[in-house]
Amino acid sequence: MSIDHLQQLDKIVSLSKSRGFIFQSSEIYGGLGAVYDYGPLGAELKRNIRDAWWREMTQKHENIVGVDAAIFMHPKVWEASGHVEGFNDPMIDDKQSKKRYRADMLIEQHIEKLRKDGKEKEAEQVKELLDTSGTRVGLCEDLHKIIMDYEIKAPESGAFDWTDVRQFNLMFKTQFGAVASAEDADAVYLRPETAQGIFVNYKNVMDTARQQIPFGIAQVGKAFRNEVVARQFVFRMREFEQMEMQYFVKPGADEEQYNEWLNKRMEWHKGIGIREKYLRAEPHPPDKLAHYARAAADIQYLFPIGWQEVEGIHNRTDFDLSQHQEYSGKKLEYFDQSTRDRYVPYVVETSVGLDRTILMVLCDAYREEEVEGETRTVLKMHPELAPITAGIFPLVKKPELQELSRKIEKDLREDYRVLYDEAGSIGKRYRRLDEAGTPFCITVDFDGLEDNTVTIRYRDDMKQERISADKVGEVIRSASKSWKPESK
RNA sequence: GCGGGCGUAGCUCAAUUGGUAGAGCGUCACCCUUCCAAGGUGAAUGUUGUCGGUUCGAGUCCGAUCGCCCGCUCCA
């Protein structure tokens with residue numbers, strides 16, 4: 001059976017481990033949940049994708065500049081951004097049905113029910129208690145007491161058999177300063193998103209980079225989320241890498257820019273070789289928008305686990321800058337010299353998960369093909385993303401062939417990541433590099449010694465061409481540039 | 001975090017009622033080899049996820065723990 005589009009993630013998990021793309025973190029100690037390490041091939045693939053994004057988003061735009069903000073930030077940043085509040089969900093479980101609910105949502109629903117039943121007075125009472133929860137014993141305890149006192153039952157099972165209310169803080173907290181103290185005063189968070197590193201530097205960049213609105217700030221970096229359920233390989237990890245660009249625009253220009261960036265970003269995904277039919281843009285319904293967003297859309301890929309978000313495009317309005325202006329007391333307004341307008345810019349965000357992009361590239365590239373009764377496993381990824389660009393082989397282990405092979409290897413090494421291999425049969429060496437996604441193999445044979453030629457073998461269709469040994473680099477360059485996923 | 005399933009070599013998997021842990025592939029070395037996982041010879045690799053219990057004896061039974069998968073939930 002040949003495979004053109006993956007149905008199971010297992011294949012990628014196995015291949016990732018056996019070829020050295022991705023390993024589980026701390027594996028020799030039994031692994032650490034939802035944390036993964038990149039191996040030799042994975043590290044190269046990751047770098048290539050990161051570089052492609054950075055080139056696209058900064059180098060190709062005169063009005064987008066980069067920053068590299070620290071992971072640690074002032075604790076107030078997360079108060080201003082809404083994360084301290086929004087990242088704490090009080091949850092409660094129904095022991096009968098094993099369903100989990102948000103405690104505050106349960107109470108809200110109960111209030112609505114009371115109103116519907118005409119018990120306006122009691123509804124007001126509960127609403128008052130809900131609004132003041134957290135002021136008596138603690139948030140969890142107060143919410144639990146309301147549920148108990150008003151005998152709020154589980155919506156689905158109708159049971160009244162609750163666990164305690166527990167809070168899930170999705171931000172990682174750590175101690176700042178060498179002397180550990182139990183006090184929260186020293187607590188800092190590992191950033192749950194990189195975006196805030198851009199917003200807090202907005203003024204600095206404005207003051208130094210000689211940019212005028214509209215302009216963008218790009219950043220690639222780690223973010224950390226203590227996910228309740230972190231699963232599905234590198235799709236949802238506790239430590240992950242984001243590639244973000246925040247585009248600052250004049251209020252009113254936000255909708256147009258939002259649409260434009262959604263299109264541009266979709267084109268990028270196609271440009272790195274992802275097949276168009278497995279990509280789609282999925283707008284968020286207005287009632288599902290994040291607290292900061294006016295409009296949002298996912299760019300999704302059809303993973304073996306279904307359609308899933310790889311990138312999010314958000315119209316963040318002036319929410320973040322206004323919040324930071326309020327919390328920091330620093331003016332973050334923009335003054336337009338020509339129109340003499342003064343305003344807090346609106347922000348259009350493009351935020352793509354680097355690890356998710358890697359997974360997408362691996363999934364989209366994965367093929368199993370029938371070749372003369374044997375299965376060929378091959379990663380047909382864009383040549384410019386491939387961890388190893390070319391393999392160089394002497395057809396057999398003979399000194400003359402080895403000599404020319406080594407010379408070609410040395411030349412190519414200046415510009416490309418290459419691998420010299422003389423072990424095993426030639427077919428085996430081709431197939432090994434197929435699994436690594438290497439698009440080109442150069443083989444030196446005896447005929448070639450006569451006229452200084454070699455054969456280049458293409459990964460995607462296994463076709464071979466005889467070319468001049470002096471033109472190998474050139475052929476690789478043009479074949480990389482002209483590569484299209486349709487030709488896979 | 002809850003419910004269910006699973007955990008044996010780098011990968012995929014065997015191992016009778018509880019009775020000496022194996023195979024295929026891969027890896028490495030050498031030989032052979034003039035273009036698609038060829039062949040030959042040899043080699044390395046496991047506290048059976050971890051800890052504890054039951055037993056004369058545990059990969060197998062029991063408990064705990066860690067991790068993975070599916071569902072619930074969550075996804076700012």
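In what follows, every chain begins at residue 1, and chains take the letters A, B, ... in the order their sequences are listed. From a predicted model like this one, the values you see are computed outputs, not experimental measurements. We use all heavy atoms of the structure for the numbers below, so side chains are in, but hydrogens, waters and symmetry mates are not.
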Q | Donor-acceptor side-chain pairing of A/Asp355 and A/Tyr38 below 3.5 angstrom | A | yes
Q. A/Lys17 NZ to B/rC68 P: how many Å, rounded?
A. 13 Å
Q: Could you please name the option among B/rC28, B/rC70, B/rC11 that lies closest to any side-chain atom of A/Arg432?
A: B/rC28
(Q) Classify A/Arg457 by what it touches in the nucleic acid, base, sugar-phosphate, or nothing, heavy-atom distance under 4.0 Å. (A) base
Q. Is there a donor on the side chain of A/Arg225 or the base of B/rC75 sitting less than 3.5 Å from an acceptor on the other?
A. no
Q. So do A/Val454 and A/Thr443 actually touch side chain to side chain, heavy atoms under 4.5 Å?
A. no
**Q.** Of A/Glu422 and A/Glu193, the one whose closest RNA chain B nucleotide lies more 5'
**A.** A/Glu422
Q.
Just by distance, no angles: are the side chains of A/Glu309 and A/Gln300 close enough, under 3.5 Å, to form a donor-acceptor pair?
A. no
Q | Nucleotide-resolved protein contact map, nucleotides 39-51 of chain B, B/S/- at heavy-atom distance under 4.0 Å | A | -------------
Q. Is A/Gln24 touching bases, backbone alone, or none of the nucleic acid, heavy atoms closer than 4.0 Å?
A. sugar-phosphate
Q: Look through every strand shown and name the nucleotide pairing with B/rU16 as Watson-Crick or G-U wobble, where both distances are under 3.5 Å.
A: none
Q) With a non-hydrogen cut-off below 4.0 angstrom, is A/Phe393 in contact with a base, only sugar-phosphate, or nothing? A) nothing
Q: Say whether A/Glu244 and A/Ser351, considering side chains only, have a donor N or O and an acceptor N or O under 3.5 Å apart.
A: yes
(Q) What I want to check is whether the side chains of A/Gln402 and A/Glu422 have a donor and an acceptor closer together than 3.5 Å. (A) yes
Q: Considering only atom P, compute the distance from B/rC62 to B/rG4 and round it to an integer number of Å.
A: 14 Å
Q) Partner of B/rG67 by Watson-Crick or G-U wobble geometry, both contacts under 3.5 Å, or none? A) B/rC6
Q) Which is true for A/Lys397 with a 4.0 Å heavy-atom rule: it touches a base, it touches only sugar-phosphate, or it touches nothing? A) base
Q | Gap in Å between the two P atoms, one belonging to B/rG57 and one to B/rU65, rounded | A | 26 Å
Q: Answer with base, sugar-phosphate or nothing: what part of the nucleic acid does A/Thr443 contact at a heavy-atom distance below 4.0 Å?
A: base
Q) So among A/Tyr258, A/Tyr202, A/Trp261, A/Tyr346, which one has a ring-ring contact (aromatic ring centres under 6.0 Å, His included) with A/Tyr247? A) A/Trp261
(Q) Is it true that A/Thr375 and A/Glu368 share a donor-acceptor pair across their side chains at a distance under 3.5 Å? (A) no
(Q) Under a 3.5 Å cut-off for both contacts, is B/rG59 paired Watson-Crick or G-U wobble with anything, and if yes, with which nucleotide? (A) none
Q: State whether A/Tyr430 and A/Arg457 meet the cation-pi test: NZ (Lys) or CZ (Arg) under 6.0 Å from the six-membered ring centroid, and within 45° of the perpendicular axis.
A: yes
(Q) In whole Å, measure the gap between the P atoms of B/rG10 and B/rA44 for me. (A) 15 Å
Q. Where each residue is assigned the nucleotide of RNA chain B containing its nearest heavy atom, which of A/Val35 and A/Met462 is assigned the position nearer the 5′ end?
A. A/Met462
Q | Rounded distance in Å between the C1' positions of B/rU20 and B/rG63 | A | 28 Å
(Q) Tell me whether the side-chain N/O atoms of A/Ser425 come closer than 4.0 Å to OP1 or OP2 in B/rA38. (A) yes
Q.
Taking atom types as they are modelled, would you say the side chain of A/Ser14 forms a donor-acceptor pair with the base of B/rC11 within the 3.5 Å cutoff?
A. no
Q. NA contact type, A/Glu435, heavy-atom cut-off 4.0 Å: base, sugar-phosphate, or nothing?
A. base
